[in-house]
Each structure stands twice: as structure tokens, then as C-alpha cells.
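In what follows, chains are A, B, ... by sequence order, proteins preceding strands, each numbered from 1. What you are looking at is a predicted structure, and each value in this text was computed from that prediction instead of being measured.
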Amino acid sequence: MIGRPNHGTRDVMEQDRPDVYAPSAIEGKWQKTWEEHGTNGFTPETFKSAENPFYNLMMFPYPSAEGLHVGNIYAFTGADVHGRYQRLIGRNVFEPIGFDAFGIHSENFALKQGVNPMDLTPKNVANFTRQLRRIGGMFDWDHTVNTSDPDYYRWTQWIFVQLFKAGLAERKEAPVNWCPSCMTVLANEQVLSGLCERCDTPVEQRHIAQWFFRITDYTQRLLDNLKTIDWSDTTLKAQENWIGRSEGATLEFPVLPADEGVAEGKEGEPAGSPFDGPTISVFTTRPDTVFGATYMVLAPEHPLVEAITTSDRKLEVKAYQEAAAKLDLVARQKDDKTKTGVFTGTMCLNPATGKPIPVWIADYVLIEYGTGAIMAVPGHDQRDFEFAQTFGLPIPRVVAGPGDTADTPLDEAYAGDGTLVNSGQFNGLPWREGARDIVKWLEGVTWLGGKGFAEAKVTYRLHDWCISRQRYWGPPIPIIYCDRCGPLPVPEEDLPVILPRLEDFKPDDSGVSPLARVEEWYKTGCPECGGEARRETDVSDTFLDSSWYFLRYPSTDREDGPMDQEITQRWLPVDCYIGGEEHAVLHLLYARFITMALKDMGHLDFEEPFTKFRKHGLIIRDGAKMSKSKGNVIVPDPIIEEFGADTFRLYLMFLGPFSEGGDYRDEGIQGPYGFLHRLFDTVVSVIGSDEGKQPPDPRVEQKLHKTIKQLSEQVPNLQYNTAIAAMMEYLNAVRTGGRHAVRAEVEPLVVLVAPFAPHLAEELWSRLGHTESVFEGANWPAFDPEKAAEETVKIAVQVNGKLRGTVEAPAGTSQEEAEALALAQENVTRHLDGLTVRRVIFIPNRLLNFVVG
RNA sequence: GCGGAAGUGGCGGAACUGGUAGACGCGCGAGAUUUAGGAUCUCGUGGCUUAGGCCGUGGGGGUUCGAGUCCCCCCUUUCGCACCA
């Protein structure tokens with residue numbers, strides 16, 4: 001009777017047969033109802049006054065021309081199940097969706113197709129909207145955003161202006177990552193192992209004046225707050241690593257004048273007094289090893305290089321600097337690259353030993369970390385060791401590991417625990433104490449106005465956020481340059497600065513945006529003096545668009561400000577955010593920073609935007625990530641057409657643990673499809689034949705309460721795959737042996753399945769005689785612990801830990817009774833025959849183990 | 001190198017604080033029903049087996065009455081960061 005639909009045709013034929021499950025008819029009907037009456041039960045009034053608000057957020061998609069892919073649907077379905085569950089337990093759930101439509105993705109695609117992103121984007125958004133409705137999400141279509149809409153980016157620009165006014169946006173010339181293929185600068189976060197995140201082109205270093213957000217002012221807070229938010233562990237770890245706190249010290253190494261020869265000081269006392277020349281600052285996490293610093297290295301780009309290079313070395317140093325500049329980051333960062341470098345001709349004093357040491361430049365020292373200079377301790381740092389070996393520099397030991405003496409030779413750097421040796425008065429100290437004491441000592445060794453040679457210091461890996469992009473498809477940075485008044489923010493009443501329509505929006509290698517080619521656009525008047533001025537022509541990073549979209553959703557009606565105070569207070573921060581791990585350090589970090597900054601400026605009263613964050617896994621197919629090049633991409637539309645959105649949703653959630661992802665197999669969808677069929681048949685079968693008079697079968701009822709209990713624990717924790725398995729098991733129990741189900745057995749199951757298969761649940765709920773939506777009229781069923789309790793249990797009987805039988809007994813059977821029952825079994829007694837029982841282990845209701853010898 | 005996750009049937013995956021390994025589903029086998037079916041229903045399905053058992057959760061040790069689960073060593077896969085001083 002129930003046929004596998006052949007691409008919908010069968011389904012259409014069966015639309016007139018009310019006893020047959022016809023997914024597309026049912027889903028069409030309910031989607032229409034939701035469209036007419038709203039998906040989530042809100043009116044504009046109840047939205048403002050929701051008593052039990054739950055903000056359920058998912059990561060908004062970039063609307064590609066290909067349409068929604070399975071990964072999107074997987075993520076949105078998992079989040080939607082969570083939202084629908086929250087609704088069934090009585091929360092007022094706000095579940096918005098929007099479009100991250102600005103950015104290089106869209107622009108590159110438009111370039112490739114030879115179309116304008118202004119034309120392409122609305123088409124893509126319309127297609128996404130259609131698909132999102134088709135999968136049955138509980139999306140709030142009255143509160144949607146599109147980052148490329150002037151009504152939205154007006155406020156993106158407003159945020160830029162606020163940051164500028166707060167001193168958190170600054171323009172500085174800095175070495176930046178330049179992607180020669182995308183022809184734009186990239187944030188550090190967008191460079192992966194020296195390659196452009198987007199196109200895998202090796203990234204070059206360029207010096208361009210750029211706008212930066214001072215996220216580093218917030219480093220410690222971004223780190224400390226991680227302890228206060230409920231996020232997936234791996235995501236917290238990734239943020240912690242990215243922020244990269246290192247504790248150590250900066251040490252000062254006085255530069256010896258080139259012509260004064262070498263004046264050795266006494267050990268432990270810097271030579272010369274008082275010293276008044278320049279010093280080289282280095283950052284180290286191992287100040288305890290300073291006695292082993294036998295040379296210094298500056299990054300080739302270090303500003304002191306030119307000043308300290310002796311005249312005889314100038315040519316060689318210059319050549320090295322140029323060679324280093326040419327190397328792209330990939331080549332420079334190769335692990336197995338042999339160490340190169342040149343001597344500057346200058347010596348420094350090691351402030352601990354008082355001895356002169358040579359200053360080199362080498363590309364293994366990076367300008368952007370620490371001070372761009374290091375003290376090299378070849379005995380205890382492998383990179384320094386390799387360098388010292390290459391250039392024949394001394395490699396003394398200053399830390400002795402277990403079993404080492406001060407003279408144990410080193411055949412590689414020793415970076416482990418140990419005690420200090422060859423370190424003057426600090427010999428014998430464990431290295432940690434040594435580090436502390438040496439810093440304290442060098443702090444006290446002063447020269448030049450009392451400044452010491454050391455200072456305890458914390459360094460972070462996190463850099464300021466470069467947000468300028470020399471591209472077209474983004475919000476213009478709202479800044480005006482006036483020769484007289486300097487860079488000024490666009491007055492707030494003049495926002496938005498509209499992105500003009502350009503027919504030629506192709507980026508070029510000039511280091512400026514295509515907007516710089518449009519004189520009538522960038523020429524403007526100075527907001528201060530009214531004189532001739534020029535707009536900033538760069539646009540801002542896409543990640544700025546997405547750093548605050550969740551703040552806008554509830555306030556999309558508001559036209560005179562980015563956020564409505566009252567609504568924001570009611571709905572934010574976000575109760576639960578579900579998204580992919582790939583944004584663990586990009587989007588999630590920026591969103592936290594922007595939220596903190598807005599809080600400090602008085603626009604928000606909280607500083608962490610996402611109270612709870614859960615990452616979802618990845619759907620793979622044939623053991624690999626879906627990609628066009630591998631040809632293993634699943635196009636969702638035909639599958640939804642064939643099996644229905646409910647089946648597709650259920651299948652995706654059933655594939656594996658939601659947090660881990662799953663392996664998509666085409667045939668696997670038959671399982672959930674059959675389950676929904678059987679559910680439909682079973683529920684339909686109780687209508688008319690049983691109007692709630694018949695009591696449920698006691699065994700089925702017990703199973704029902706166990707199932708409710710299990711789902712009530714697992715669904716809120718996103719453990720969907722096992723929750724679905726439990727529902728299948730329950731339905732199997734209801735149908736065991738072809739028995740006839742009764743209403744009380746199946747009605748609660750309709751509610752349990754509703755978050756996963758909302759259309760079918762609505763249909764069955766209505767057929768059961770209810771007039772309201774299941775999400776309005778039904779409550780998540782409660783379970784009765786007494787009814788969920790097992791009445792009889794199977795106790796495993798073991799002899800010496802090996803299973804020899806099981807006994808069935810009432811729950812709570814005593815050890816004596818259980819033993820008696822077990823000893824009545826021939827298979828048990830046979831194994832005890834002729835042996836002494838030394839001990840009996842009894843775990844009530846579970847296990848009985850005879851220990852014999 | 002640093003940081004994290006994971007190795008269980010033919011496959012995806014279950015297994016709470018150590019307590020009957022393989023739930024649920026796919027696939028496969030047998031049968032029923034059907035004009036037919038890639039539909040539905042029933043039963044079976046880790047391996048070996050002398051049919052009593054034996055062996056089985058990446059490998060090797062250990063703790064325990066009992067280990068997928070705890071401890072030690074190793075192997076593999078995978079993700080994030082990475083010449084970060």
C-alpha cells in the first residue's frame with residue numbers, strides 16, 4: 001500500500017488517499033499554513049513582550065548561486081530541532097535567519113560569471129529563501145537581515161564610526177598580508193599556513209596604510225571571559241590558542257659602539273657604566289636561559305637593522321633583507337628550511353654574563369611577534385641550535401636535565417625541565433625559580449635613569465584586526481580625508497555611505513579599491529571645514545558585517561538606530577548559538593570583541609554575545625568532505641522532492657552525533673523514511689477505532705515513559721541520533737507482533753517527533769482532532785518515573801566474570817533470591833561443579849558474579 | 001613541534017558513575033503478501049566452533065571478581081595552530 005515514490009509521481013497520485021503518507025502534499029499544506037499564520041506564534045506585540053524568551057541562533061549563510069548545500073541544511077535543521085524543542089517546553093522562541101551577502105565570495109563568483117553582484121545577490125537570496133522555507137525551519141521571516149542591504153550596512157558603518165570615536169579604529173602603515181590573486185589584504189585569521197584562505201595563493205607581505213581595530217586592547221578580557229561562557233570545549237581551546245598568551249620577560253641587550261672595541265664586564269654585571277647607547281629588546285619565555293644567550297637575532301625587517309649594521313656589512317645585510325622580502329610566507333615558514341642569516345658587524349652585551357655577543361639578522365625571526373628580536377639560546381632552543389650549528393656559534397648548556405651535569409654535551413637543544421648550570425649565582429635553581437629570580441635581579445640592575453635590564457611581560461599572539469579590503473563588494477569605510485582636518489568619520493546623519501553601482505568592479509594590483517577609480521563618488525566635502533575632501537575608497541571586511549548581525553535581528557523594525565534598547569534587553573544575549581567550528585577563531589572572536597566594545601561605549605548592557613555555543617560536525621560522503629572537485633556533492637532539492645523534508649531532516653539528524661557530523665550514504669535514508677511511514681500508518685490506525693477509551697498496554701506504557709525520559713535528556717543536549725533511535729525502538733514496541741495500537745500510546749510520540757518532522761507532526765496532531773498547531777497546543781510530554789521504572793529485570797549471571805546465563809526477576813530482587821534463581825539453572829551449576837564459591841558479587845537488578853577458585 | 005578529537009560487525013553508529021559489547025538504522029539472507037515491485041510484514045544476521053564452548057572494541061602490558069570504559073607504553077587517522085622565541 002505504501003509505495004516508494006518515484007520522484008514524486010506516486011506521491012501525487014496518492015494525494016487523495018488520506019490513509020497513505022504523502023509527504024509533499026502534507027508538507028505543502030503545512031508550509032502554507034505557517035506562511036499564513038507565522039512559523040513561531042509571534043505577533044509584533046507578543047514579540048515585544050515575550051515572557052519566556054529564548055533566542056535560538058544559527059550562523060547565517062552566504063547566499064551562493066548554487067543554493068543551500070547539505071551542510072547548511074544539516075546545521076539549520078539541528079538548530080531548528082533545538083528551537084522547536086524549546087518551544088514545546090514553553091519557551092517563546094526567536095529563530096531568525098539572514099544572509100551574509102557581502103564579501104569576496106559573492107564578488108568573485110560575480111566576476112567569474114560576468115554579472116554584477118548587485119543583480120546576482122537578490123536572485124540568490126530569493127532562491128535561498130525558497131529552500132529555507134521548504135526545509136520547514138521555524139524561521140522568523142519578519143526579522144531577517146541582508147548584510148548588503150543599505151538599511152543594514154548603514155549600521156555596520158555606524159559601528160565603525162563608534163569605534164573610531166572611541167579610539168579603537170586606527171589607520172596605520174603596517175606590513176600586511178596581501179593576496180596577489182584576490183588582490184586585497186587579508187586579516188591574519190584569513191591566512192592559513194601562508195596561503196590565502198580563499199584561493200590558496202601564497203600570501204605576500206606589503207606595506208600599505210590600513211584601518212585596524214584595536215582588538216588587542218581586549219586580549220586579556222577575551223581570554224578571561226572564556227571561563228564565564230558555556231561553549232563547546234574545542235571552540236574554547238581554539239580561541240585560547242589563537243589569543244596565544246605567553247608569559248615571560250623582555251630583556252634589554254645594550255648595543256656596543258662599533259668602534260670602541262670589546263669592553264668585557266665582570267660576570268653578572270653589565271659592562272660599562274652608566275650605559276647610554278641604544279638597546280635591543282627581546283621577548284623570551286625562558287629568561288632563566290639568559291646565561292646561555294650567545295648571540296642575538298633581529299628579524300630582517302627590524303627597524304634597528306640599518307642603524308646598527310657596520311659599514312663593511314651594509315651590502316651583505318641589504319642583500320639578505322631583499323632576499324627575505326621576496327620570499328613568500330610559505331617558503332619562509334617551511335619547517336625543514338635550513339637556517340640562513342648574516343652578521344651585522346655589531347656586538348651586544350649579554351646583561352647577565354656581561355660578555356659581548358654578535359647580532360645577526362635571520363628570517364627565522366618574525367617581525368610581528370614579540371619585539372621582532374630574540375636572544376638566541378642554542379643550547380635550549382632547537383631553532384637557535386640549528387642556526388648556531390650552521391654558523392659555528394658556541395652552544396653552551398645552562399639547564400641540566402635529569403642525569404646531566406654542567407658539562408654534558410648537547411647534540412640537540414634541551415628544552416625540558418632541569419636546574420640551572422653555568423649561570424653564576426643562579427646555579428642549582430630549578431628553572432622556573434631561576435627565571436623568576438633572574439628577572440628580578442636584572443630589573444634591579446639599572447642604568448640610564450633607573451631603567452632596568454628586564455621586565456616581566458606577557459605577550460599575545462593575537463594581532464590587531466585589519467579590516468580594510470581593496471575590493472568592491474562590501475560596505476565603504478565611512479571615513480573622509482581632508483588635508484586640513486585629517487581623517488574624519490562620516491557624520492552619523494549622512495550614513496549610509498552608499499556603495500555605488502559599478503560596471504567595472506574588477507580589483508587590480510594597485511593596492512586600492514575599484515572605488516578609487518570613481519572620482520565623482522570619492523570626491524566630497526569635508527564635514528569640518530567644507531573644503532575639498534576625499535572618501536576612503538576601501539571597503540570593510542565581511543567579518544565586520546557578521547560581527548553584529550545577531551544584535552540587529554530583533555531590532556530590524558528600528559530605523560533610527562541599530563538596536564532597540566528595550567527589545568535588546570529582552571532578547572539578548574543569545575541563549576544558544578549553533579554553528580560550525582570553522583568559525584571558532586574568526587567570526588566568534590570578532591563578534592565577542594565588537595560586543596565588548598559596544599558595551600564599553602554604553603550601547604549594550606552585556607559583554608558576551610553568546611551565552612551558549614555548540615559546534616556541529618561535518619557531513620561527509622564516501623569518506624570525504626563534499627566538494628565539486630570530488631564529485632560527491634549531494635544536491636538537496638531532488639531528495640527533498642522525493643522523500644520529503646521531514647525524512648531528509650530526520651535522516652540528517654540520525655546519521656551520527658550532531659556535534660561530530662556523519663557519513664552520508666544514499667541508501668540510508670530508507671530507514672527514517674520507513675519510520676515516518678510506519679508512524680503515519682500507526683497513528684492513522686487509532687483514529688476512529690479508538691477514541692482514547694482504551695488504556696495503553698502496560699509494557700508499552702512503561703516503554704513510553706522510558707522513551708520520554710531519554711528524549712527529555714538527549715534532545716536538549718543535541719544528542720539527536722540516539723533520541724531518534726529511541727523513538728524508532730518505541731514505535732517498534734508499539735507495533736510488536738502486529739498488535740493494534742491505542743491512541744494513548746501514539747499521541748505523545750507525535751509530540752516527541754515534532755521537532756524533527758514538524759510537518760508530519762502537525763498533520764497527525766490535526767488528524768487526532770486538535771485544532772491548534774502542535775507547537776502551540778501540545779506540551780512536551782512529562783514522564784512518570786514510576787511508570788518508567790522496570791518491573792522485571794534480567795540479571796546477568798557470571799562465573800568468574802564470564803556470562804553463563806541470565807535470570808529474569810522482579811526489580812529489586814535480593815541477592816539471596818537471585819542466587820537461588822541462578823543456581824536453579826543447569827548451565828550455571830555446571831560451571832560451579834566441584835569448585836568452591838569464594839565470593840559473590842551482586843549488583844542489584846544487573847549482575848550476579850560467582851567467583852570460584 | 002604545540003593543542004584537541006577519535007580508532008567498536010560488511011557500513012553509519014549505540015553502550016549512564018567499570019557490570020549481559022554491537023541499541024537504532026543501512027546492507028545482506030530466508031520466508032509471507034502482491035499482477036508486479038527498489039513497497040510492506042515476519043524471522044535471522046560479529047567471527048570461529050568438535051555445538052560444550054572459545055575468540056572478539058587499533059597493538060602490547062597492567063589494575064580488577066569483572067575493562068570498549070581506568071593506568072602505562074606504542075601505532076594509526078583526523079582537526080586547529082605553527083620557525084610564536
Discussion item. What verdict does the side-chain contact (heavy atoms from CB on, under 4.5 Å) test give for A:Phe291 and A:Asn350, after you've listed the backbone C-alpha separation in whole Å, the side-chain angles of each residue and the deciding distance to 0.1 Å?
Written reply: CA-CA 8 Å; A:Phe291 283 85; A:Asn350 180 326; 5.9 Å; no
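When ring centroids are compared, A:Phe543 and A:Trp465 stay outside the 6.0 Å threshold. Aromatic pair A:Phe675/A:Phe654: ring centres not closer than 6.0 Å.
Closest contact between the side chain of A:Arg846 and the listed nucleotides B:rU20, B:rG10, B:rG53 involves B:rU20. Considering only side-chain atoms of A:Tyr364, the nucleotide from B:rC83, B:rC24, B:rA85 that sits closest is B:rC83. Nearest to the side-chain atoms of A:Asn732 among the listed nucleotides B:rC84, B:rU20, B:rC24 stands B:rC24. Considering only the side chain of A:Glu729, B:rC24 comes nearest among B:rG27, B:rC24, B:rC83. The A:Arg830 side chain lies nearest to B:rG53 when the options are B:rC65, B:rC84, B:rG53. Distance from the side chain of A:Arg735 is smallest to B:rC41 among B:rU20, B:rC41, B:rG12. Nearest to the side-chain atoms of A:Lys802 among the listed nucleotides B:rA23, B:rC55, B:rC65 stands B:rC55.
Each of A:Asp288, A:Asp417, A:Thr289 was scored for a side chain to side chain donor-acceptor pair (under 3.5 Å) with A:Trp431, with one residue passing: A:Asp417.
In this structure, the CD atom of A:Gln382 is 12 Å from the P atom of B:rC2, given to the nearest Å. Per the geometry, CG belonging to A:Asp381 stands 13 Å off P belonging to B:rC2, to the nearest Å.
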Discussion item. Give the dot-bracket line for RNA chain B from 5' end to 3' end: parentheses for intra-strand Watson-Crick or G-U pairs under 3.5 Å, square brackets for crossings, | for inter-strand pairing, dots for unpaired.
Written reply: (((((((..(((......[....)))((((((.......))))))(((....)))..(((((..]....))))))))))))....
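For A:Asn241 against B:rC81, no side-chain N or O and base N or O form a donor-acceptor pair under 3.5 Å.
Residue A:His831 is classed as a sugar-phosphate contact, given heavy-atom separations below 4.0 Å to backbone atoms only.
In this pair, A:Phe658 and A:Tyr720 present their aromatic rings tilted. The plane angle is within the 30 to 60° band.
Using a 4.0 Å cut-off, no side-chain N or O of A:Arg678 falls inside it from OP1 or OP2 of B:rC24.
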